[in-house]
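One structure below.
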Amino acid sequence: MPKSRIRKKADYTPPPAKQTTALKLTNRAWVAPVMLAMFLIGLAWIVVFYVTDGSLPIDALGNWNIVVGFGFIAAGFGVSTQWK
């Protein structure tokens, strides 16, 4: 019986190296301080409202001062989405 031919395997050639694209990293140093400031302003707004029995920070708003405080906190969370 004749011998079968031995096939030569192709030499391994690694895939071409991917070119790394330069990532444009913008300076986001402002995000953390603004985020923390919004959190603290909102917290301080609510605490001042409760400590002064509703006479401060803005007496005319009444209980809406709580919404303003939570609005600052929500804005802080909105800013936090820009953090990289």
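Not measured: the values here are computed from a predicted model.
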Original post:
According to a 4.5 Å side-chain heavy-atom criterion applied to Ile, Leu, Val, Met, Phe, Trp and Tyr, with indirect links allowed, do Tyr50 and Phe70 form part of one hydrophobic cluster?
Top reply: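 Yes.
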Subject >> Joint cluster assignment, Leu43 & Val48, ILVMFWY side-chain distance < 4.5 Å >> reply: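 Leu43 does not cluster with Val48.
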Subject >> Contact summary for Pro33 and Ala29, nearest pair of heavy atoms >> reply: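 Looking at all heavy atoms of both residues, the closest pair is CD-O, 3.1 Å.
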Original post:
Should we count CH2 of Trp83 as having more than 12 external heavy atoms under 6.0 Å?
Top reply: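 Counting other residues, nucleotides and ligands, CH2 of Trp83 stays at 12 neighbours or fewer.
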Please tabulate, for the side chains in residues 55-66, all donor-acceptor contacts under 3.5 angstrom to protein atoms that are two or more places apart in sequence or on a different chain.
from  : atom 1 : to    : atom 2 : distance (Å)
Ser55 : OG     : Thr52 : O      : 3.0
Asn65 : OD1    : Trp45 : NE1    : 3.2
Asn65 : ND2    : Ile58 : O      : 2.8
Asn65 : ND2    : Gly62 : O      : 3.0

List, one per line, each side-chain donor-acceptor pair under 3.5 Å for residues 34-42, sequence neighbours excluded.
none

